[in-house]
Participant: 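Mind looking over this structure? Questions follow.
Residue numbers begin at 1 in each chain, while the letters A, B, ... track the order of the sequences. Computed from a prediction, not measured in an experiment: that's the story for all the values here. Note that these values count all heavy atoms, side chains included, but never hydrogens, waters or copies made by symmetry.
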2 protein chains.
Amino acid sequence: MKNHDKIYNTAVEATLEVIGGKWKPVILFHLTFGKKRNNELKSLIPVITQKMLTQQLRELEEEGVILRISYNQVPPKVEYELTDYGWSLKEILHLMCRWGDSHIERKYGGRATVLSNPQLKDVYDI
Amino acid sequence: MKNHDKIYNTAVEATLEVIGGKWKPVILFHLTFGKKRNNELKSLIPVITQKMLTQQLRELEEEGVILRISYNQVPPKVEYELTDYGWSLKEILHLMCRWGDSHIERKYGGRATVLSNPQLKDVYDI
DNA sequence: CAGCATCCGTGCAGATACTG
DNA sequence: CAGTATCTGCACGGATGCTG
């Protein structure tokens, strides 16, 4: 063993440092369907507050998984998109979505609704 | 639309309800290598407190992804293992582990260590 | 060994108001 | 439109001590 700057017990923990935030997987998941503006994300995630959204976006940006594109214009226009690195999370995120789908079906039968992931039906056969 | 007991914006959220706890993915990950006793989990996750460990285990049990096996003996012996349903999370968990590995490499180069996931090296070629 | 009970602090996250 | 700034509360999680 050498001097370490950082010690993990499991590599899973390293992943959680990046996508472990309360809304991060959800935000990233939506971005796997293309770049989104601030308001679009708010519409897709109605229950999140603006503060939380901005906060989580900033952290994701710092980790290098998303890119913030600010067009200098009035009114302001900002778009968020996955970086190449961020795209490497797609498999995990879509797997989480598909698992969630089957979990909902198992737990609630038909007594639950998922508002905004119709796209996945086109991507996979579910 | 009909009356719903539950509404999700994304199925990802349903997944997060199950594995979204601070330590849940880590605990579940360890269990993908076989049943573990309370103390074994504590050794594998040194920084977790007993309280948190118990709490997270209970919640995982309630969700039906792990099973608590209590042998009625003195001293007590309790084992935790994945249910069949819990096993369906394996792909996500191992994907998270592998992504974490590459993330650590990318972010820290050699200046970080992962203590306890040698098993994965045998399972996959990494 | 496995775990519960209790106390306690902090930090996460909500609500509201304001800005370039 | 896309944010900041500030105040606030409560629940999450840590530390400690006790139990079957």
Side-chain angles (χ1 to χ4, degrees), chain A residues 7-10 12-13 16-31 34-63 65-82, chain B residues 7-10 12-13 16-31 34-63 65-82:
Chain A
I7 294 184
Y8 295 98
N9 298 293
T10 290
V12 172
E13 295 172 11
L16 291 175
E17 282 188 354
V18 179
I19 65 169
K22 187 173 184 183
W23 299 104
K24 287 174 187 173
V26 177
I27 293 170
L28 292 170
F29 174 72
H30 285 303
L31 292 181
K35 58 178 67 162
K36 296 273 180 292
R37 298 181 60 170
N38 182 72
N39 271 5
E40 292 183 278
L41 287 171
K42 278 224 61 175
S43 302
L44 291 166
I45 321 169
V47 290
I48 200 174
T49 60
Q50 177 62 49
K51 179 191 169 190
M52 273 298 100
L53 181 55
T54 306
Q55 195 176 104
Q56 304 271 297
L57 285 168
R58 290 288 179 281
E59 291 175 14
L60 290 169
E61 198 188 351
E62 273 174 39
E63 290 288 350
V65 290
I66 70 170
L67 203 63
R68 181 179 183 274
I69 307 163
S70 175
Y71 302 84
N72 277 26
Q73 62 182 49
V74 179
K77 178 180 176 183
V78 176
E79 288 181 328
Y80 295 95
E81 68 175 350
L82 295 175
Chain B
I7 294 184
Y8 295 99
N9 298 293
T10 291
V12 172
E13 295 171 12
L16 291 175
E17 282 188 354
V18 179
I19 66 169
K22 187 173 184 182
W23 299 103
K24 286 173 187 173
V26 176
I27 292 170
L28 291 170
F29 174 72
H30 286 303
L31 292 180
K35 59 178 68 161
K36 297 273 180 290
R37 300 181 59 172
N38 182 72
N39 271 4
E40 291 182 278
L41 287 171
K42 278 223 59 175
S43 302
L44 290 166
I45 320 170
V47 290
I48 200 174
T49 60
Q50 176 62 48
K51 179 190 172 189
M52 274 298 100
L53 180 56
T54 306
Q55 196 175 103
Q56 304 271 297
L57 285 168
R58 290 288 178 282
E59 291 175 14
L60 290 170
E61 197 188 352
E62 274 175 37
E63 290 288 350
V65 291
I66 69 169
L67 203 65
R68 181 179 184 276
I69 308 161
S70 175
Y71 302 84
N72 277 27
Q73 62 182 48
V74 179
K77 179 181 177 183
V78 175
E79 288 181 326
Y80 295 95
E81 67 175 350
L82 295 175

Participant: Under the 3.5 Å rule, do the base of C:dG14 and the side chain of A:Lys51 count as making a donor-acceptor pair?
Facilitator: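 Yes.
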Participant: Contact between A:Arg58 and A:Arg68 at the side-chain level, heavy atoms closer than 4.5 Å - yes or no?
Facilitator: yes
Participant: Quick one: is A:Arg37 getting a side-chain N or O under 4.0 Å of the D:dA2 phosphate, OP1 or OP2?
Facilitator: yes
Participant: In terms of side-chain heavy atoms of B:Val78, which of D:dG13, C:dG3, D:dT4 is nearest?
Facilitator: C:dG3
Participant: Name the closest nucleotide to the B:Pro75 side chain, picking from D:dC1, C:dC1, C:dA2.
Facilitator: C:dC1
Participant: Between B:Thr49 and D:dG13, does any side-chain N or O lie under 4.0 Å from OP1 or OP2?
Facilitator: no
Participant: Quick one: does B:Gln56's side chain have a donor or acceptor within less than 3.5 Å of a partner on B:Trp23's backbone?
Facilitator: yes
Participant: Whole-Å distance between C:dA15 P and A:Lys42 NZ?
Facilitator: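 Computing the A:Lys42:NZ to C:dA15:P distance gives 10 Å.
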Participant: How long is the line joining CD of B:Glu40 and C1' of C:dA2, in whole Å?
Facilitator: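 Distance check: B:Glu40 CD to C:dA2 C1' gives 13 Å.
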Participant: Atom CG of B:Leu53 to atom P of D:dG14: distance rounded to whole Å?
Facilitator: 12 Å
Participant: Of all heavy-atom pairs between B:Leu31 and B:Tyr80, which one has the smallest distance, and what is that distance?
Facilitator: CD2-O, 3.4 Å
Participant: To the side chain of A:Arg58, which of D:dG13, C:dA13, D:dG3 is closest?
Facilitator: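 The listed nucleotide nearest to A:Arg58's side chain is D:dG3.
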Participant: Go through it in stages, so that I can follow the logic: the residues are A:Leu28 and A:Leu82, the test is side chain to side chain contact (heavy atoms under 4.5 Å, CB included), and I'd like the CA-CA distance, side-chain angles, deciding distance and then a yes or no.
Facilitator: CA-CA 8 Å; A:Leu28 292 170; A:Leu82 295 175; 3.7 Å; yes
Participant: Side-chain N or O of B:Lys22 versus OP1/OP2 of D:dG14: is the shortest distance under 4.0 Å?
Facilitator: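 Yes, within the criterion.
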Participant: For B:Tyr80, answer base if it contacts any base atom (sugar-phosphate contacts may also be present), sugar-phosphate if it contacts only those atoms, and nothing otherwise; contact means non-hydrogen atoms under 4.0 Å.
Facilitator: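 It contacts sugar-phosphate atoms only.
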Participant: Here's a test of your reading of the structure: between B:Asn39 and A:Met52, which maps to the more 5' nucleotide of DNA chain C?
Facilitator: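 Final value for this comparison: B:Asn39.
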Participant: Of the nucleotides C:dG3, C:dG20, D:dG3, which one has an atom closest to the side chain of A:Pro76?
Facilitator: C:dG20
